[in-house]
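Scroll down for the structure; my scribbles are underneath it.
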Amino acid sequence: MPRPVTVTYRISSTPAEVAAAAAQLFTTAVIEAVKARGVARVAISGGTTPKAMFALLAAEPFASQIPWDKLDLFWVDERCVPPDHADSNYRMTREALLSKVPLPADRIHRMEGELDPEVAAARYESTIRNAFRLEGAETPTFDLILLGMGDDGHTASLFPHTEGLNDLTHIVIANHVPQKDTWRITLTSPVINQGREVAFLIEGAAKAQVLHDVLLGPFQPDTYPSQIIRPASGQLTLLLDSAAAANLPEPANADQTGTLELR
Ligand SMILES: O=C(O)[C@H](O)[C@@H](O)[C@H](O)[C@H](O)COP(=O)(O)O
């Protein structure tokens with residue numbers, strides 16, 4: 001049975017407001033991690049939704065608040081393409097954020113999508129082990145993991161009915177995605193669930209039904225991989241626009257924040 005989790009969902013009227021809420025969540029998590037442990041380790045997703053958040057982080061008021069020299073930035077997943085390819089999550093992040101902020105190059109931990117997928121996954125696992133100084137079968141605890149969700153219910157590069165969903169022993173894997181006829185590099189679900197703070201950014205009417213099914217439908221993670229995300233912290237945050245939240249219970253309180261207890 002899945003781990004019980006309290007889902008807190010915050011509904012903003014527009015994608016721009018979701019991006020602002022996400023930028024604030026990112027900034028707060030980094031500042032708090034650095035204050036507590038002297039370093040912040042964050043894993044970000046790609047796709048299109050995070051772009052607006054990245055643009056806000058590269059500008060005021062966020063850019064000057066973030067201790068960039070104490071942030072280690074990782075990716076949740078990457079397409080198996082070179083870093084300058086149009087589909088590269090790294091390229092999108094470099095254009096929207098990395099080229100505009102003083103994040104030291106040795107703190108930018110890129111997944112090497114240009115390599116053989118298994119080689120890239122093994123190298124990234126080693127990168128994480130070194131960065132977190134892991135021993136044996138330890139799982140890394142990222143301070144913040146930012147996720148998106150596809151309209152098929154996938155998250156990271158954990159797609160429906162793919163082998164990667166069942167890998168509970170590795171930190172990073174190469175996952176073959178037949179429905180896209182491609183390979184992806186991705187963190188595994190145990191690593192994501194170990195995150196101190198885990199948040200989804202989900203926008204758009206195309207996600208409304210699948211988000212409802214993920215949260216309120218029967219537990220069938222092979223069909224809806226986002227259901228696998230049940231953080232060990234017992235907390236999960238969703239930052240949504242009203243279009244994506246259309247099929248969720250209307251929050252009772254004025255700040256448009258609702259909670260769901262998933263058992
Ligand atoms: O590599 C990727 O595409 C992402 O990491 C992926 O998991 C993404 O978060 C979802 O597909 C949502 O993508 P959008 O934000 O484009 O809807």
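The model shown is predicted, which means the values in this text are computed figures rather than measured ones. Both ligands and their constituent atoms are indexed starting at 1 by order of listing.
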- Heavy atoms from other residues, nucleotides or ligands near CZ of Arg10 exceed 12 (cutoff 6.0 Å): no
- Query: Considering only protein heavy atoms, which is closest to atom 17 (O) of ligand 1, and at what distance to one decimal place?
  - Reply: Lys207 NZ, 2.7 Å
- Do me a favour and list the nearest non-hydrogen protein atom to atom 9 (O) of ligand 1 with residue, atom name and distance? Gly148 CA, 3.2 Å
- Note on the structure: re atom 10 (C) of ligand 1, the protein heavy-atom contact at minimum distance is His154 NE2, 3.5 Å
- re atom 4 (C) of ligand 1, the protein heavy-atom contact at minimum distance is Asp77 OD2, 3.5 Å
- Message: For Asn89, which part has a heavy atom under 4.0 Å from ligand 1: side chain, backbone, both, or neither?
- Response: side chain
- Write out the residue and atom name of the closest protein heavy atom to atom 3 (O) of ligand 1, then the distance separating them to 0.1 Å. Arg79 NH2, 2.7 Å
- Query: Nearest protein heavy atom to atom 13 (O) of ligand 1, by residue and atom, and its distance?
  - Reply: Gly47 CA, 4.1 Å
- Query: For atom 7 (O) of ligand 1, which protein heavy atom lies nearest, and how many Å away is it?
  - Reply: Ala156 O, 2.6 Å
- Query: Tell me, which protein residue and heavy-atom name are nearest atom 15 (O) of ligand 1, and how many Å apart are they?
  - Reply: Thr49 OG1, 2.6 Å
- Salt bridge or not for Asp84 and Arg91, using N-O below 4.0 Å? no
- Under 4.0 Å from any heavy atom of Gly46, which atoms of ligand 1 are there? 4 (C), 5 (O), 9 (O)
